[in-house]
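Once you've had a glance at the structure underneath, I'll fire off some questions.
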Amino acid sequence: MAQEDVFKKIVSHCKEYGFVFPSSDIYDGLAAVYDYGQNGVELKNNIKEYWWKSMVLLHENIVGIDSAIFMHPTIWKASGHVDAFNDPLIDNRDSKKRYRADNLIEDQIAKYDEKIDKEVAKARKRFGDAFDESQFRQTNARVMEYQQKRDALHERYTRAMQGPDLAELKQIIIDEEIVDPISGTKNWTDVRQFNLMFSTEMGASADGAMKVYLRPETAQGIFVNYLNVQKTGRMKVPFGIAQIGKAFRNEIVARQFIFRMREFEQMEMQFFVKPGTELDWFANWKQTRMKWHQTLGFGAENYRFHDHEKLAHYANAATDIEFRMPFGFKEVEGIHSRTNFDLSQHEKYCGKQIKYFDPQTNESYTPYVIETSIGVDRMFLSVMCHSYEEEKLDNGETRTVLHLPAALAPVKLAVLPLVKKDGLPEKAREIIDALKFHFNCQYDEKDTIGKRYRRQDAIGTPYCVTVDYDSLKDNTVTLRHRDTMAQERVNIADLNGIIEDKVSIASLLKQLQ
Ligand code: GAP
């Protein structure tokens, strides 16, 4: 099945099984805004718990905060967001659709990469085991021509974005003969800058109202609380502050479902370090964060670092952790060495000293910062994409199953009485009453056992138990495992011991140590 079709199926699966709904659904939705349903919120909470505990429980020197969404508007001036948090936009006059100019050019670069990959794949098929890919790439005329065009375009684009030089971005679109995917025409407007922050007014009277922004990142809430936390928590550098919260961006082109939203959630951690040590800490956090991702068991080959060639003026190193989505490798998390830019800017704009006094060396300095920033929704999407499978069974049937890591699954155990009578429902409820304090259980008595198993497979429940007539006599049940569909007879008294450790967030956290 084409990856595009797989992705469409995942999107509709999310809706059908209560994971993600379009926002304001009964009013036909609101572009790029989504609601999480009864299963989605559980999965999302589990992702957040895994992140939060990995930061705050596993590091003695990291603490959390929860800062407000509204902040003093000068914060966004100091951080650079008022002047520079822009995307270059371009309209097509025929389709009346709006695009990000940088995305159009990046897609064009990707097209060259695809052409090269196609040539390589064809040659591999032709030459079999004797194929030497690196020699082929260096000598094949067609591949070399594509590579040259790609590299030239990439260099020109990178230079244009540095300014940014908006006229040059438009010229690239014209020179590359990029057409609007909808109208098929090259009837483009000029490229303009578009600020991504949402604003509103705070205050009751119209003339006294103050323009405030919905925060476009949670990080600034951490920076402006640096002194509060450092002093009240008696924190010693190096230390970190973690936060999970909503962020808002008026994205020009919101696409790929919950990948790019206008209201989304971030999990960010700012790690304050001594100047000069920041690149070691950057390398350290790269490894720590990659391990956090890979511990979910989705396969190391599905992740990669994308080190930034073009650095923001305040950063001295930056990388993205990318995950293989059905629409290609995409950024899920960013790790940045942000120097002392943010704290220095706030010091300048608020007029107060924001420093750290090192009692060991008797010196004061502005700490440097390593930031790890991951989108909850993108993480959610990567988990769904990797877990979704339409599995062909030996009997010719197909089952749709979510192979969610057990610790992230919304429901851990479904308890199913074989029939709705003769005391079996009561026995099932007894099991739930004993286990509901340990993990999320669900009761289901409707339809055949087979159908009920399928319903649980579709939401990723790792375990089901069936209560039958023997259960009443000997207190045993059939325990069914989601991935293998294997069944075993176990004592009810042993259920907690078998399941609890496997479905707990602690089981993941232990692997991080
Ligand atoms: N404080 C740094 C910062 O905000 P970013 O690369 O703009 O950096 C960090 O965002 C992460 O937030 C991204 O890696 C992505 O996972 C998530 N993110 C950013 N914009 C998003 C959007 N419009 N929708 C969903 N997630 C988004």
Side-chain angles (χ1 to χ4, degrees), residues 20 23 30-36 44 47-48 51 67 69 71 75-76 78-81 84-87 100 102-103 194-198 213-226 240-271 282 285-286 289-290 292-293 303-308 310-312 314-315 317-323 325 327 329-339 341-343 345-346 369-385:
V20 183
S23 160
L30 181 66
V33 187
Y34 291 90
D35 297 339
Y36 285 82
K44 199 179 185 208
I47 291 171
K48 290 195 273 187
W51 184 87
S67 70
I69 287 171
M71 296 199 274
I75 287 172
W76 303 111
S79 68
H81 284 82
F85 195 51
N86 301 317
D87 276 342
R100 273 177 58 175
D102 54 336
N103 283 350
F194 178 79
N195 192 287
L196 298 182
M197 280 198 296
F198 285 102
Y213 298 97
L214 273 71
R215 66 181 177 199
E217 61 171 15
T218 57
Q220 296 305 322
I222 294 178
F223 288 123
V224 299
N225 276 295
Y226 157 78
I241 305 179
Q243 167 159 237
I244 299 178
K246 289 271 185 161
F248 305 82
R249 294 182 191 177
N250 196 4
E251 299 284 358
I252 300 170
V253 187
R255 39 180 192 179
Q256 279 134 352
F257 190 37
I258 54 173
F259 184 79
R260 194 174 299 286
M261 301 157 88
R262 297 205 164 97
E263 173 181 339
F264 57 101
E265 211 164 352
Q266 288 185 316
M267 305 189 282
E268 298 201 291
M269 195 280 298
Q270 316 296 135
F271 199 69
F282 175 75
W285 276 109
K286 266 179 84 167
R289 292 304 305 147
M290 187 56 105
W292 182 90
H293 285 275
Y303 298 90
R304 68 181 187 196
F305 285 116
H306 169 229
D307 294 330
H308 291 204
K310 180 193 149 215
L311 292 172
Y314 51 79
T319 196
D320 297 332
I321 294 179
E322 295 185 338
F323 182 76
M325 302 274 193
F327 41 90
F329 270 99
K330 295 286 165 195
E331 173 192 343
V332 174
E333 171 158 3
I335 303 169
H336 303 114
S337 173
R338 296 180 67 111
T339 65
F341 173 78
D342 301 86
L343 290 183
Q345 282 294 100
H346 290 306
V369 170
I370 307 302
E371 166 182 81
T372 72
S373 174
I374 168 172
V376 180
D377 312 272
R378 277 194 198 175
M379 188 62 207
F380 184 109
L381 185 60
S382 66
V383 170
M384 286 302 279
C385 288

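As the structure lists them, so they are numbered: ligands from 1, and atoms in each ligand from 1.
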Say whether Q243 and S67, considering side chains only, have a donor N or O and an acceptor N or O under 3.5 Å apart. yes

Does the N or O separation between R338 and ligand 1 drop below 3.5 Å for any pair?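 By distance alone, the answer is no.
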
So Y36 and F380, would you call those rings parallel, tilted or perpendicular, with 30° and 60° as cut-offs? perpendicular

Is there at least one pair of N or O atoms, one from I374 and one from ligand 1, spaced under 3.5 Å apart?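 Among all N and O atoms of I374, none is under 3.5 Å from an N or O of ligand 1.
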
Are any of the N/O atoms in F264 less than 3.5 Å from those in ligand 1? no

The single option from D35, D377, I258, L381 that satisfies side-chain contact (heavy atoms from CB on, under 4.5 Å) with V20 is I258

Looking at ligand 1, is there an atom of it that comes within less than 4.0 Å of some heavy atom belonging to V332?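 Per 4.0 Å heavy-atom rule, V332 contacts ligand 1.
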
With a heavy-atom distance limit of 4.0 Å, tell me whether R378 approaches ligand 1 through its side chain, its backbone, both, or neither.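 Under 4.0 Å from ligand 1, R378 contributes side-chain atoms alone.
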
More than 12 heavy atoms of other groups within 6.0 Å of F198 CZ: yes

For A219, the ligand 1 atoms whose distance to one of its heavy atoms is below 4.0 Å: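 Going through ligand 1 atom by atom, the ones under 4.0 Å from A219 are 1 (N).
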
Once the angle between the rings of H293 and Y303 is folded into 0 to 90°, is it parallel (under 30°), tilted (30 to 60°) or perpendicular (over 60°)?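 If you compare the ring of H293 with that of Y303, the planes turn out tilted.
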
Contact partition for E371 relative to ligand 1, non-hydrogen atoms under 4.0 Å: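 For E371, the contact with ligand 1 is made by the side chain alone.
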
In terms of atom number and element, which parts of ligand 1 are under 4.0 angstrom from non-hydrogen atoms of E333? 14 (O)

Please identify which atoms of ligand 1 are closer than 4.0 Å to at least one heavy atom of E331.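 Contacts of ligand 1 toward E331, numbered from 1: 6 (O), 13 (C), 14 (O).
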
Enumerated ligand 1 atoms positioned under 4.0 Å from heavy atoms of E268: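 Selected atoms, number and element: 1 (N), 2 (C), 3 (C), 4 (O).
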
